[in-house]
Visitor: 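Once you've had a glance at the structure underneath, I'll fire off some questions.
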Amino acid sequence: WQIIELFVLPPNYFTFRPWEATRVQNYGLFRGPFYPNQRIEMWSAGDLDPRGPRKRFIRFRTDDYGYRNPQPYDADTRYRFLLVGDSQFAAPNLHERDTLGVVLEREYGTPAYNYASGWPLCQSFMNDKRITDNPPRFVVLDFRPEEAVYGRYATWPRCTPVNDSLQAMLCDPVPFWHRILYQTTNDDVRILYDRATRQLGYNWLRARMNLALRKPMPGLTLLQAERNILDFIAAMVGLQGELRARGMTLVLLLVPVPYPEGVGDYVAGRLSPQVPMVHWQSGSPYRSDLASDPWFDENDSHMSKASILKCAYRIIELTNSL
């Protein structure tokens with residue numbers, strides 16, 4: 001089965017989106033969160049109903065570092081925007097022409113590099129030599145209220161990586177075997193090895209038999225959630241200061257998810273006076289954006305094409321004033 005999967009079938013045969021087909025399992029083997037130099041075109045379903053109808057045609061390309069960009073990173077360009085954060089910016093539900101980085105370049109002529117993948121992987125930009133040698137003007141970080149409740153993004157890597165693999169840049173110890181593979185093999189060999197360890201066909205079968213279920217979020221006490229939210233706010237203010245020292249400006253984008261109730265308003269109220277921020281919570285000048293097209297695609301937890309356009313416009317509007 002696995003020999004056929006690895007050497008005969010296309011890498012997306014057992015997946016409902018390109019995201020799963022290109023996602024890295026062993027981060028000590030690669031420089032980014034996706035396999036480098038991939039191009040997949042397919043009809044995909046939404047992540048809230050992966051067994052549902054495949055409604056959207058998607059082109060998903062990665063650059064030679066394994067990030068979702070149609071063009072390679074240009075070391076001679078000072079990018080205006082570095083887009084970090086989670087899958088909202090990586091946009092697994094959208095064609096590449098509708099991703100935020102491409103929209104910013106196409107509509108506004110502003111160079112943007114899409115560094116988004118997920119937490120904590122997006123934090124690796126702090127130790128990425130491409131970024132530290134040529135810092136972008138703005139670092140745009142997206143998050144949902146849920147991130148504050150669970151205290152994500154509350155720590156940022158400060159270390160000297162043993163190499164430039166993603167795991168090393170995240171300050172995690174890289175297994176010796178992975179270090180050897182990283183130094184002695186090419187991308188094609190590492191992709192085959194990584195795909196073999198992921199067992200996509202096996203996990204596809206388990207899902208079809210209802211044996212693989214998404215794990216629920218762990219429960220939190222009110223005191224734990226409150227502490228996490230305060231840590232998150234403090235981390236964002238601290239990150240702003242650290243990026244300023246490196247010649248960059250932090251811009252936060254709070255995705256307008258209505259739950260947990262009240263958290264978005266609280267975080268926006270505390271952060272927006274201290275950190276440049278685009279949000280659609282209470283008191284935001286952008287609230288009218290929510291009244292038109294649906295913010296999220298049907299059967300998907302990610303922003304729609306129309307939402308990305310609104311985000312691009314508001315980011316440009318805010319950063320032009322800074």
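We use all heavy atoms of the structure for the numbers below, so side chains are in, but hydrogens, waters and symmetry mates are not. The structure presented is a predicted model; accordingly, all values stated were derived computationally and were not measured.
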Visitor: Could you check, using the six-membered ring where one of them is a Trp, whether F232 and F143 have ring centers closer than 6.0 angstrom?
Guide: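 They qualify: ring centres under 6.0 Å apart.
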
Visitor: Return yes when atom OH of Y313 has more than 12 non-hydrogen atoms of other residues, nucleotides or ligands closer than 6.0 Å, and no otherwise.
Guide: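 Not buried by this count: 12 neighbours or fewer within 6.0 Å.
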
Visitor: Keeping to residues at least two apart or across chains, list the salt bridge (charged side-chain N to carboxylate O under 4.0 Å, His left out) pairs with something in residues 155-178.
Guide: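 Counting only pairs at least two positions apart or across chains, the salt bridge (charged side-chain N to carboxylate O under 4.0 Å, His left out) contacts touching residues 155-178 are R158-E242.
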
Visitor: Could you note down all residue pairs passing salt bridge (charged side-chain N to carboxylate O under 4.0 Å, His left out) where residues 67-91 supplies at least one of them, sequence neighbours left out?
Guide: D86-R144

Visitor: Just by modelled atom types, is the D289 backbone N or O under 3.5 Å from a matching donor or acceptor in the K310 side chain?
Guide: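 Yes.
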
Visitor: Look up atom CG in N299 and atom CG in D49, then write down how far apart they are to the nearest 0.5 Å.
Guide: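 Separation between the atoms: 4.5 Å.
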
Visitor: Using only atom types and a distance under 3.5 Å, with no angle test, would you say the side chain of D63 pairs donor to acceptor with the backbone of Y73?
Guide: no

Visitor: Set out, in order, the CA-CA distance, both residues' side-chain angles and the distance that settles ring pair (Phe, Tyr, Trp, His ring centres under 6.0 Å) for F30 and Y35, then state yes or no.
Guide: CA-CA 7 Å; F30 299 92; Y35 298 145; 5.5 Å; yes

Visitor: May I ask you to check whether over 12 heavy atoms, not counting those of R246, lie within 6.0 Å of atom CZ?
Guide: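 Yes - once you tally the heavy atoms of other residues, nucleotides and ligands closer than 6.0 Å, there are more than 12.
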
Visitor: If the condition is ring pair (Phe, Tyr, Trp, His ring centres under 6.0 Å), which residues does F138 pass it with, not counting sequence neighbours?
Guide: F81

Visitor: Going by the rule side chain to side chain donor-acceptor pair (under 3.5 Å), which residues pair with R54 if we only count those two or more places apart in sequence or in a different chain?
Guide: none

Visitor: Output every pair passing salt bridge (charged side-chain N to carboxylate O under 4.0 Å, His left out) with a member in residues 223-238, not counting sequence neighbours, ordered by first then second residue.
Guide: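 Not a single pair qualifies under salt bridge (charged side-chain N to carboxylate O under 4.0 Å, His left out).
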
Visitor: Is there a side-chain contact between Q199 and Q2, using heavy atoms and a 4.5 Å cut-off?
Guide: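 Yes, at least one pair of side-chain atoms sits under 4.5 Å.
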
Visitor: Check for a donor-acceptor pair, side chain of N26 on one end and backbone N or O of L29 on the other, with a separation under 3.5 Å.
Guide: no

Visitor: Does anything in residues 24-76 pair up under disulfide (SG to SG under 2.5 Å), and if so which pairs, sequence neighbours excluded?
Guide: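 Residue pairs with at least one partner in residues 24-76: there are none.
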
Visitor: Who passes salt bridge (charged side-chain N to carboxylate O under 4.0 Å, His left out) against R130, sequence neighbours left out?
Guide: D128

Visitor: Side-chain heavy atoms under 4.5 Å apart, restricted to Ile/Leu/Val/Met/Phe/Trp/Tyr: what other residues fall into the cluster of W19, or is it alone?
Guide: F34, I58, F60

Visitor: Who passes salt bridge (charged side-chain N to carboxylate O under 4.0 Å, His left out) against D133, sequence neighbours left out?
Guide: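 Partners of D133 by the salt bridge (charged side-chain N to carboxylate O under 4.0 Å, His left out) criterion, ordered by chain and then number, come out as K129.
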
Visitor: I need the full list of salt bridge (charged side-chain N to carboxylate O under 4.0 Å, His left out) pairs touching residues 5-17, with sequence neighbours left out, sorted by first then second residue.
Guide: R17-E20

Visitor: Looking at I3, I want to see if its CD1 is surrounded by more than 12 non-hydrogen atoms of other residues, nucleotides or ligands under 6.0 Å.
Guide: no

Visitor: With sequence neighbours excluded, what pairs up with W43 under the ring pair (Phe, Tyr, Trp, His ring centres under 6.0 Å) test?
Guide: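 Expected list: F57.
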
Visitor: Who clusters with I180? Use side-chain heavy atoms, under 4.5 angstrom, across I, L, V, M, F, W and Y, and order the result by chain and number.
Guide: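 Under the 4.5 Å side-chain rule, I180 groups with F176.
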
